[in-house]
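Whatever order the structure lists them in is the order used to number ligands and atoms, beginning at 1.
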Amino acid sequence: MGLQELADRLREARRSLAPIPQLTVAEPGLTVGQAYEVQRLLTADLQRSGYKMGLTSLAKQREVGVSSAIRGVLLKDDVISNGGTTPRTRYIHPRSEPEIVFLLKHDLKGDASEAEIRSAISAVHIGLEVIDSRYRDFKFTLPDVIADNTSAAGYVIGDRIDVPLSDLPGLEVTLSKNGAPAQKAKAEAILGDPFRSLVELIKLTPLGVPAGPVLAGGVTQSVPFESGDVIEASCATGARAWFRAV
Ligand code: OOG
Ligand code: MG
């Protein structure tokens with residue numbers, strides 16, 4: 001089966017909300033490189049708004065049983081405003097997780113140095129991601145989840161986190177559902193320092209990264225939600241990101 005056909009299968013699952021078997025069942029030899037090409041084909045005609053990293057914390061790697069960091073693209077259509085609503089009917093089996101969001105004020109080349117990456121950051125925000133695997137039972141291998149644009153399905157950019165970059169790792173982040181804390185971890189859960197996730201993004205993106213938001217990866221495991229649920233990520237500075245499913 002060609003890579004375009006694999007992308008078409010995922011596109012159809014996104015459209016119909018009917019989950020599909022993992023691509024690697026039919027194509028066990030699918031490589032990581034080919035999976036990124038499927039991701040590119042899948043998102044080629046959609047408007048991009050930024051990038052995301054995934055599986056950058058042990059908590060997330062354990063949740064899905066895949067242990068390499070992955071890169072996906074954020075889509076304009078998937079933006080959820082902070083404090084806004086998202087229809088449950090947009091998703092198959094949605095989950096949400098707390099994210100650290102870097103805002104890049106200018107483009108970064110694929111060979112950008114760490115100093116250049118650092119100086120491109122205009123602000124850091126607390127955020128939430130909605131993930132929704134297009135695979136049955138939310139189960140996948142590394143190439144499967146890369147091809148499926150890393151389960152990306154929605155994101156909220158919340159309040160600005162007003163701490164120096166060097167204090168970010170020590171920041172405690174809480175994920176709550178309907179007011180009850182569900183998960184808690186320090187931002188250092190992301191590769192020891194969420195900034196490392198940006199460095200990994202540049203390594204995975206030789207063509208460079210445009211100005212805009214970058215999600216560094218779930219700080220904790222995700223929680224499932226249904227319509228009526230309020231999901232919130234908050235941190236010790238008081239910054240929060242939240243949405244309600246309707
Ligand atoms: C894969 C996407 C992982 C993260 O932040 O770690 C991700 C998944 O969990 O379905 O977005
Ligand atoms: Mg995520």
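- With salt bridges taken as basic N to acidic carboxylate O contacts below 4.0 Å, one links Glu63 and Arg95.
- Under 4.0 angstrom from ligand 1, there are no non-hydrogen atoms of Arg95.
- Not close to ligand 1: Gln61, with no non-hydrogen atom less than 4.0 angstrom away.
- Checked against the Mg ion (ligand 2), the N, O or S atom of Glu97 at the shortest distance is OE2.
- Inspection of the Asp162 and Thr237 side chains reveals no N or O donor paired with an N or O acceptor under 3.5 Å.
- Regarding atom 9 (O) of ligand 1, its nearest protein heavy-atom neighbour is Lys60 NZ, 2.8 Å.
- Residues Arg88 and Asp229 are not paired through a salt bridge, judged by the lack of any N-O separation under 4.0 Å between the basic side chain and the carboxylate.
- Ligand-side atoms of ligand 1 in range of Val145: 1 (C), range being under 4.0 angstrom from any heavy atom.
- A donor-acceptor pair under 3.5 Å is formed between the side chain of Asn82 and the backbone N or O of Trp242.
- The nearest heavy-atom contact from the protein to atom 8 (C) of ligand 1 is Ser151 OG, 3.6 Å.
- Shortest contact from atom 7 (C) of ligand 1 to any protein heavy atom: Glu97 OE2, 3.2 Å.
- Taking a cut-off of under 4.0 Å to the non-hydrogen atoms of Gly218, the atoms of ligand 1 that pass are 4 (C), 5 (O), 6 (O).
- One N or O on the side chain of Tyr135 and one on the backbone of Asp144 form a donor-acceptor pair closer than 3.5 Å.
- In terms of heavy atoms, Leu6 sits closest to Glu27 at CD2-CG, 4.0 Å.
- For ligand 1, the atoms lying closer than 4.0 Å to a non-hydrogen atom of Phe138 are 10 (O).
- Summary of contacts: the protein heavy atom closest to atom 2 (C) of ligand 1 is Thr150 O, 3.2 Å.
- Scanning the protein for heavy atoms near atom 6 (O) of ligand 1, the closest one is Leu55 N, 2.7 Å.
- Counting the atoms of ligand 1 from 1 in the order shown, those under 4.0 Å from a heavy atom of Gly217 are 5 (O).
- In this structure, His125 contributes its side chain and Gly158 its backbone to a donor-acceptor pair below 3.5 Å.
- Residue Lys52 has at least one heavy-atom neighbour below 4.0 Å for each of these atoms of ligand 1: 2 (C), 7 (C), 11 (O).
- Connection of Phe102 to Ile157 is not established within any shared hydrophobic cluster, with ILVMFWY side chains joined at heavy-atom distances below 4.5 Å, either directly or through further cluster members.
- Only the side chain of Ile131 comes within 4.0 Å of ligand 1, counting heavy atoms alone; its backbone N, CA, C and O stay farther away.
- Ion pair Arg244/Glu232 not flagged as a salt bridge, since none of the NZ, NE, NH1 or NH2 atoms sits closer than 4.0 Å to an Asp/Glu carboxylate oxygen.
- Of the angles at the Mg ion (ligand 2), the one spanning OE2 of Glu99 and OE1 of Glu129 is 100° when given to 10°.
- Between the Ser119 side chain and the Glu116 main chain, a donor and an acceptor come within less than 3.5 Å of each other.
- Residue Phe140 approaches ligand 1 through these ligand atoms, each under 4.0 Å from one of its heavy atoms: 8 (C), 10 (O).
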